Amino acid sequence: MAAAGERKLVRDQDRNRRRAAIERAARVPALIGAAALALVAWWLSGWEIWPWLFGGVGGLAAVLLVARHVPPLWRVTAPLVVVGLWLLTYVDPWWWVLLAGIALTGTTVVALVMLRLRVRRWRTAGALALGVVMIAAGSVMLVVDAARQQRQTQQELDQAHNEALARTLPHTPASMVNFLVEHIARFKPDDRLACSVFAPDAQRQFADAWHVLDCPAAIRAMADEVTARGDYVNNLSLPGQATTSNPDGTLSVDACHLDFGGLTDDTPHANPGPQIGALTLRQQQGQGHLIIGYRRCATR
């Protein structure tokens, strides 16, 4: 009976010595790992400072007050772990999976090197496989989330651009015609604003109708037909019956019979510039109108 008790005491002492040895050996790696976790999480969180102020300083003060007999390295490691975990709450959860997978894989590889797969082989191999799976899953999902975030950001930018563009577009068919006449009469090679009122398909129709390469070239072709710039801009008006509403909510504008008030066939420059064409307009965001269709006026 006494011999059994002595053997049990010896086993307990050996176990305690092994645990103490493991604890001593783990102090520095644990500190390095906690510091790495805190720094990586700090970077991923966008350099949040509050976890350091409250978690780091507060945690260190608590450890110093409560755990006075804890080895110094553990006193520093514990607050760093608190800070790292706190900072991870600011980042994508898939980063948690990736970092946990890296930690598990690294720990398992170290165990494989030290133990040489002599003990707990299946557990070690399973932990290694789990770590690799976590790294792969975290990496893939982070890429997916980044792509989704990029699409969302682009959609928000497009929405903001469309809203800004809608506010600058002409609000009535008459103002649209006046806008085009103004830019045609005062054509400049670097003028990009004139074509901003055309949707991409309408730009293509516009260019094809004037047998040129693109929308700016079509504006130039019309500008070449202006014979009296002042009369073209100042005497033009769009007849009231030129605009009709369509069932789909668009507007059809017949800008092929523009009225140059005060100019008759006997007046010099009775036709001071080209007719604009047949336009199809669609209102944008409840604001201005965009040309979504274009047809050139029939030649006489």
Side-chain angles (χ1 to χ4, degrees), residues 19-115 120 122-163:
R19 289 176 179 175
I22 293 174
E23 184 272 331
R24 287 192 298 271
R27 291 177 185 177
V28 174
L31 177 61
I32 295 174
L37 171 64
L39 291 175
V40 171
W42 194 22
W43 168 61
L44 294 175
S45 69
W47 310 107
E48 287 288 340
I49 197 65
W50 297 113
W52 287 101
L53 294 178
F54 291 100
V57 177
L60 181 59
V63 169
L64 292 175
L65 291 174
V66 177
R68 298 180 181 179
H69 301 293
V70 173
L73 289 180
W74 290 117
R75 295 180 188 178
V76 178
T77 301
L80 286 175
V81 171
V82 172
V83 170
L85 295 178
W86 191 343
L87 288 168
L88 284 177
T89 62
Y90 291 89
V91 305
D92 190 326
W94 286 108
W95 276 109
W96 308 353
V97 177
L98 177 59
L99 294 175
I102 293 173
L104 180 59
T105 302
T107 303
T108 307
V109 169
V110 171
L112 286 172
V113 173
M114 294 181 64
L115 300 177
R120 299 183 178 180
W122 292 110
R123 294 182 182 179
T124 305
L128 179 61
L130 178 61
V132 172
V133 170
M134 292 174 69
I135 291 174
S139 300
V140 170
M141 293 309 301
L142 284 172
V143 171
V144 172
D145 284 353
R148 182 167 56 244
Q149 182 65 33
Q150 185 176 6
R151 288 195 302 270
Q152 182 178 350
T153 301
Q154 187 60 50
Q155 289 173 357
E156 293 173 353
L157 291 174
D158 292 342
Q159 179 69 17
H161 170 75
N162 292 337
E163 290 177 356

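Because only heavy atoms are used, hydrogens play no part in the values below, and waters and symmetry mates are left out as well, while side chains stay in. Note that the structure is a prediction, hence the values are computed from the model and not measured.
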Exercise. Quick one: do E163 and Q159 satisfy side chain to side chain donor-acceptor pair (under 3.5 Å)? Show the steps, please.
Key: CA-CA 6 Å; E163 290 177 356; Q159 179 69 17; 3.0 Å; yes
Expected list for residues 83-95: side-chain donor-acceptor pairs under 3.5 angstrom, two or more places apart:
from : atom 1 : to  : atom 2 : distance (Å)
T89  : OG1    : W86 : O      : 2.4
D92  : OD1    : W94 : N      : 3.0

Could you pull out every donor-acceptor pair under 3.5 Å between side chains of residues 100-113 and any protein atom, sequence neighbours left out?
from : atom 1 : to   : atom 2 : distance (Å)
T105 : OG1    : G101 : O      : 2.7
T105 : OG1    : G131 : O      : 3.4
T107 : OG1    : A103 : O      : 2.8
T108 : OG1    : L104 : O      : 2.6

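Under the side chain to side chain donor-acceptor pair (under 3.5 Å) criterion, R151 pairs with no residue, sequence neighbours left out. In this structure W50 satisfies the ring pair (Phe, Tyr, Trp, His ring centres under 6.0 Å) test together with F54, sequence neighbours excluded. Considering only residues two or more places apart in sequence or on other chains, Q149 meets the side chain to side chain donor-acceptor pair (under 3.5 Å) condition with none of them. A search for side chain to side chain contact (heavy atoms under 4.5 Å, CB included) contacts involving V28 returns I32, L73, not counting sequence neighbours. For Q154, the side chain to side chain donor-acceptor pair (under 3.5 Å) partners two or more places apart in sequence, or in a different chain, are D158.
The neighbour count for E156 CD, taken as heavy atoms of other residues, nucleotides or ligands under 6.0 Å away, is above 12.
Within the structure, side chain to side chain donor-acceptor pair (under 3.5 Å) contacts touching residues 126-148 (residues at least two apart or in different chains) are D145-R148. A salt bridge (charged side-chain N to carboxylate O under 4.0 Å, His left out) check over residues 42-57, counting only residues at least two apart or in different chains, returns nothing.
To the nearest 0.5 Å, atoms CG (L37) and OG1 (T77) are separated by 11.5 Å. Atoms CG and CH2, on L44 and W42 in that order, are 13.0 Å from each other to the nearest 0.5 Å.
Residue L80 comes nearest to A34 through the heavy atom pair CB-CB, 3.8 Å, listed as atom of the first residue, atom of the second, then distance.
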